[in-house]
Visitor: 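One structure coming up, written as structure tokens, with questions to follow.
Numbering of residues begins at 1 and proceeds along the displayed sequence. Computed from a predicted structure; not experimentally measured. In listed order, ligands and their atoms are each counted from 1.
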Amino acid sequence: MDIKIFETTEQLDEYAAGLFTKLINEKPNAVLGLATGSTPIGIYEKMVENFNHKKVSFKGVTTYNLDEYVGLTPDNDQSYAYYMNKHLFSRVDIPSSQTHLPNGIAEDPEAECKRYDAMLNARPADIQLLGLGHNGHIGFNEPSENLNAGTHIVKLKEETREANARFFASIDDVPREAFTMGVGSILKANAILLVVRGSDKARIVKEALTGPISTEVPASLLQTHPRLIVLLDREAGRMLE
Ligand code: GLP
């Protein structure tokens, strides 16, 4: 595992966006696994900047997002589809037919999981971007005795709903369930880019990267990946030696 700790948020964002830019320039039809939450916003901002400066084109790129809330339509401003359009897709030249998220309002959720997995299996990501939940979740794979390999619906933990409530008008509006890629699909990516910011995540960063591998800390399974790149700001990295 390759861990990099950055002095400033801007340096981290530039570095991460640089990795994506390099990959896409070397492989214009790259497959990107993408993430939402507050952590990647600055990275997407820099990717858009690189696009505006003609350093990269997304025309041939295909994307698969990690997760989506159950019950939210893509035009709901709290859906991850809306988030991705706002922060990245609508601002670069990627054809929308090449961007994928689980359909939060699928009539047949099981069929939707199968549909998503079939796409992921056909074209695993060249690089999978990940944030980290305070309880060690990745995507929406919550701590549990058992983890699913493939796409599935999870019941969100109260702590996760509370953490994400800041984006909603009230906690009651936070969906109780979400579609998420499974840990098996995440680990199938050729490389994994885990990005974590903030002092409040220092403990879970240490646990996930140096603690025992356990389904109770889903991110600890990333330790098994041969190409794990971890980008931290100083605060998130403060408990690592
Ligand atoms: C959500 C997302 C995760 C994300 C996590 C951390 O639960 N499903 O993919 O990594 O939150 O979010 P943030 O980056 O806002 O701290």
Visitor: Between E235 and R197, is the closest basic N to carboxylate O distance under 4.0 Å?
Guide: no

Visitor: Walk me through whether E68 and N103 qualify under side-chain hydrogen bond (donor to acceptor under 3.5 Å, both in side chains).
Guide: CA-CA 7 Å; E68 179 60 286; N103 173 9; over 6 Å; no

Visitor: side-chain contact (heavy atoms from CB on, under 4.5 Å) with R176: which residues, sequence neighbours excluded?
Guide: E158, R161

Visitor: Can you say whether the rings of F168 and Y69 are parallel (under 30°), tilted (30 to 60°) or perpendicular (over 60°)?
Guide: perpendicular

Visitor: By the rule that ILVMFWY residues connect when side-chain heavy atoms come within less than 4.5 angstrom, directly or transitively, which residues belong alongside I153?
Guide: V70, F179

Visitor: Taking any residue with a non-hydrogen atom under 4.0 angstrom from an atom of ligand 1, which ones do you get?
Guide: G37, S38, T39, D67, Y80, G131, L132, H137, G139, F140, N164, R166, K201

Visitor: Which pairs with one or both residues in residues 104-113 pass side-chain hydrogen bond (donor to acceptor under 3.5 Å, both in side chains), sequence neighbours excluded?
Guide: E112-R115

